[in-house]
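Right, one structure below, let's go through it.
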Amino acid sequence: LKLTLAQVSPRLQAHLPQKKLQRHKKRRRHNMDGTKDLTSVMNLVQPIRGNGSELHRSVPAKKWCVTKADLQQFRQIVMVAVASKKITPTDRDRFSLEDTEIGPCVHTICHQLIKPLTAEVGGMSWALMLHPDGLECDLFVTHGWAEGIYEFLDKVLNSWPQDAQHAYCYMLSNPQNLDISDLIASPGESPFAKALERSSHMLVVPNHAGSIYSRVWCAYEAFLGYKQEKIIFMATPPIQQKKKRVLGILSVSAATFVIVTMTLLLVGFRVASDAPADDLLLACNIFVGASVVALLVAATVKPGLSTQICVFLAAICSAVYAAGSFYRATLGKEGDYYTYEDVVYLLLLRLQSLTGYIDSKTLSSLSSCPKAILAV
């Protein structure tokens, strides 16, 4: 039954079976709701319309790619579609609408979001809908469709290589509305094989549902990646990745602190015993100040190599300060130079004169606990 109710006369409606008429009303109402939701999603995407079949014949498969920003936008689009019930649970995928960690599986995303939206604008893939001229592939993403979309996107975004620009991802790169059976008839000449050949990295995305290598295509992709000597690595979720990185930096910093401290204690005692008391105390304060500056820089700069360097510098400066404090205590050297407490007090006094935010009582209490200020 292809006629809408507006086109069906009341007399003809009287001759339609009641159950069929109710199903037709329900289907029409569902389509109207879907169109409304699809419009809101399309406003977020701002797709470029075209002829999908011609586009995929003219643009090489190695250019059917998306950017990291595209994946970040895609996550927002999925969340909007789920909230507006454009994407709903099915018998195959009984996901929770409130879940933002796993989400609907890729099968559901493909059938309820990618296929209808790309069909609306010409039938091309999501990647060429956003980038009709294509983008050169340097990252190949291999994954299974049983995974949750949030799970997949979070792992890929968290593990995206710093030197990678464009990624090939089957669900977004291949046209889901076109017949590509002729393109995958020969696996070695398939679109994903050409994209993998062009890429430098291969990102393997595991999931909670099961091994991706239960799928023949994923196993074949692993074979090609190993054969072509690609840089193959495993995607990890954000929390585990951050925990691993932080623990690694702290472990190396602790080792650096111990090594530098022991080295100074072993080889520097004679130098410390000959040095004037004021010079020794000045050196201690300089190095603790440098460690504070290094930690502040590490807390503000973008995470990466610069952060690690700042943390290691703080560890070295702290080691020097610890060794200097040990020498001062064991040699009985206490100079008349400004102590760390005096420096903190002067800085707070200057801050009070500039801003007026610190009253005298607070200033007095803060200056009496410089270690707390250092912690803050």
**Request:** Test Y168 against L139 for side chain to side chain contact (heavy atoms under 4.5 Å, CB included), laying out the working first.
**Result:** CA-CA 6 Å; Y168 180 97; L139 173 63; over 6 Å; no

**Request:** Start with the C-alpha gap between T236 and N158, add the side-chain angles, then the distance that decides, and say whether side chain to side chain contact (heavy atoms under 4.5 Å, CB included) holds.
**Result:** CA-CA 7 Å; T236 56; N158 181 68; 3.6 Å; yes

**W126 and I77: CA distance, side-chain angles, deciding distance, side chain to side chain contact (heavy atoms under 4.5 Å, CB included) verdict** = CA-CA 13 Å; W126 190 279; I77 291 170; 3.9 Å; yes

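Looking at F152 and I109, their side chains never come closer than 4.5 Å, going by heavy atoms from C-beta outward. H201 is listed as a side-chain neighbour of P161, based on a closest heavy-atom distance under 4.5 Å. Inter-residue side-chain proximity for Q228 and L196 is flagged as met; some heavy-atom pair is nearer than 4.5 Å. Proximity of K155 to P237: side-chain heavy atoms (C-beta onward) are separated by under 4.5 Å at one or more points. Side-chain contact check for T67 versus Q165: every heavy-atom pair is 4.5 Å or farther apart.
The minimum heavy-atom distance linking Y213 with A222 is given by the pair CE2-CB, 3.6 Å. Between H56 and S173, the shortest heavy-atom contact is CE1-O, 3.8 Å. The two residues A61 and A195 have their closest heavy-atom pair at O-CB, 4.3 Å. Of all the heavy atoms in A167 and V141, the pair that sits closest is CB-CG2, 4.2 Å. The two residues S159 and A235 come nearest to each other via the heavy atoms OG-CA, 3.3 Å. Contact record, L97 with P89: CD2-CD, 4.0 Å, taken as the closest heavy-atom pair.
Counting heavy atoms of neighbouring residues, nucleotides and ligands inside a 6.0 Å radius, atom OH of Y226 does not exceed 12 of them. Within a 6.0 Å radius of CD in E197, no more than 12 heavy atoms belonging to other residues, nucleotides or ligands are found.
Remark: the backbone N or O of A81 is paired with a side-chain donor or acceptor of S84 at under 3.5 angstrom. K194 places no side-chain N or O within 3.5 Å of a backbone atom of P60 that could act as its donor or acceptor partner. D138 contributes a side-chain N or O that, together with a main-chain N or O of H166, makes up a donor-acceptor pair within less than 3.5 Å. No donor-acceptor pair closer than 3.5 Å links the side chain of N174 to the backbone N or O of S125. Between the side chain of D93 and the backbone N or O of P104, no donor-acceptor pair lies under 3.5 Å. Remark: side-chain polar atoms of W64 are not paired, donor with acceptor, to backbone N or O of L172 under 3.5 angstrom. A donor-acceptor pair is defined here as one N or O able to donate and one able to accept, closer than 3.5 Å; such a pair exists between the side chain of N207 and the backbone of G210.
Aromatic ring pairs are classed by plane angle as parallel below 30°, tilted from 30° to 60° and perpendicular above 60°; the pair H143 and W145 is parallel.
Summarising the geometry, atom CD1 belonging to I102 is positioned 11.5 Å from atom OG belonging to S96; distances are rounded to the nearest 0.5 Å. For the atom pair NZ (K230) and OG1 (T142), the distance works out to 14.0 Å, reported to the nearest 0.5 Å. Here CD1 of I149 is found 5.0 Å from CZ of F74. Values are rounded to the nearest 0.5 Å. Interatomic distance, R75 CZ to T100 OG1, rounded to the nearest 0.5 Å: 6.5 Å. Interatomic distance, L203 CG to F233 CZ, rounded to the nearest 0.5 Å: 4.5 Å. Atom CD in E221 sits 4.0 Å away from atom CZ in F140 (nearest 0.5 Å).
Clustering ILVMFWY residues whenever any of their side-chain heavy atoms sit less than 4.5 angstrom apart, transitively, puts F223 in the very cluster that holds M234.
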Using atom types as modelled, flag every donor-acceptor pair under 3.5 Å from a side chain in residues 111-118 to any protein atom, sequence neighbours excluded.
residue, atom, partner, partner atom, Å
Q112, OE1, T88, N, 2.7
Q112, NE2, T88, O, 3.0
T118, OG1, I114, O, 2.6
T118, OG1, K115, O, 3.3
T118, OG1, N177, ND2, 2.8

Please set out all donor-acceptor pairs under 3.5 angstrom arising from side-chain atoms of residues 129-136, sequence neighbours excluded.
residue, atom, partner, partner atom, Å
H131, NE2, D70, OD2, 2.6
E136, OE1, R198, NE, 3.0

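Not counting sequence neighbours, Q76 has no partner by the side-chain hydrogen bond (donor to acceptor under 3.5 Å, both in side chains) test.
Between W217 and F192, the ring centre distance stays below 6.0 Å.
No hydrogens or angles considered: nothing links the side chains of T90 and R94 as a donor-acceptor pair under 3.5 Å.
Each of E151, E147, E101 was scored for a side chain to side chain donor-acceptor pair (under 3.5 Å) with H208, with one residue passing: E151.
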